[in-house]
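Values reported hereafter were calculated over all heavy atoms of this structure, with side chains retained and with hydrogens, waters and symmetry mates removed. Note that the numbering runs from 1 along the sequence shown for the chain.
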Amino acid sequence: MHELELLQQKLDQLLKRFASALADKERLEKTIAQQLLTIEQQQERIDNQEEELRARGVADSAYTDRDREKLKKHLDKVIQAIEKNIELL
């Protein structure tokens with residue numbers, strides 16, 4: 001009898017751990033979905049900005065090196081934000 005009680009206790013513990021693991025899995029899946037959405041939105045923003053830059057002809061225009069450096073820094077910040085979200089996955 002005692003062995004059955006021990007087995008039942010172990011089974012109960014395993015079931016609790018399993019339920020906890022399932023809850024963690026669901027929470028992590030929601031987090032991943034949110035982060036993927038954020039990444040998609042940021043990628044869309046980058047694409048839109050790149051398209052806008054091409055339309056304006058920034059690469060071929062007479063902007064100064066200082067203007068190009070500002071633009072490069074801005075794009076680097078956006079790319080870093082995307083990379084950060086990817087690392088969080």
- Task: Could you please spell out the steps behind the side-chain hydrogen bond (donor to acceptor under 3.5 Å, both in side chains) verdict for Gln80 and Asp76?
- Result: CA-CA 6 Å; Gln80 285 174 354; Asp76 286 343; over 6 Å; no

- Taken to the nearest 0.5 Å, the spacing of Gln41 CD from Arg45 CZ works out to 9.5 Å

- Query: Between Glu69 and Lys73, is a side chain to side chain contact (heavy atoms under 4.5 Å, CB included) present by the stated rule, with each step listed?
  - Reply: CA-CA 6 Å; Glu69 189 62 32; Lys73 285 181 182 180; 3.8 Å; yes

- Message: So, taking the atom named CD1 in Ile82 and the one named NZ in Lys77, what distance separates them when rounded to the nearest 0.5 Å?
- Response: 15.0 Å

- Note on the structure: dist Ile79:CD1 -> Ile46:CD1 (nearest 0.5 Å) comes out at 5.5 Å

- Message: Given 3.5 Å as the limit, does a donor-acceptor pair link the side chain of Thr38 with the main chain of Gln34, or not?
- Response: yes

- Task: Grab the two heavy atoms, one from Asn85 and one from Gln35, that are nearest each other, plus how far apart they are.
- Result: O-OE1, 4.2 Å

- Message: Taking Leu37 as the starting point, is it possible to reach Ile32 by hopping between hydrophobic residues whose side chains are less than 4.5 Å apart?
- Response: no

- Query: Would one find more than 12 heavy atoms of other residues, nucleotides or ligands at under 6.0 Å from atom CD of Glu51?
  - Reply: no

- Task: Mind checking the CD-CD spacing from Gln13 to Gln8? Nearest 0.5 Å is all I need.
- Result: 11.0 Å

- Inter-residue atom distance Leu53.CG - Gln49.CD, 0.5 Å rounding: 7.0 Å

- How far does CG of Leu15 sit from CG of Leu11, to the nearest 0.5 angstrom? 4.5 Å

- Query: Asn48 and Glu52: side-chain donor and acceptor closer than 3.5 Å?
  - Reply: no

- So, Glu26 and Lys30, do they make that salt bridge, N to O below 4.0 Å? no

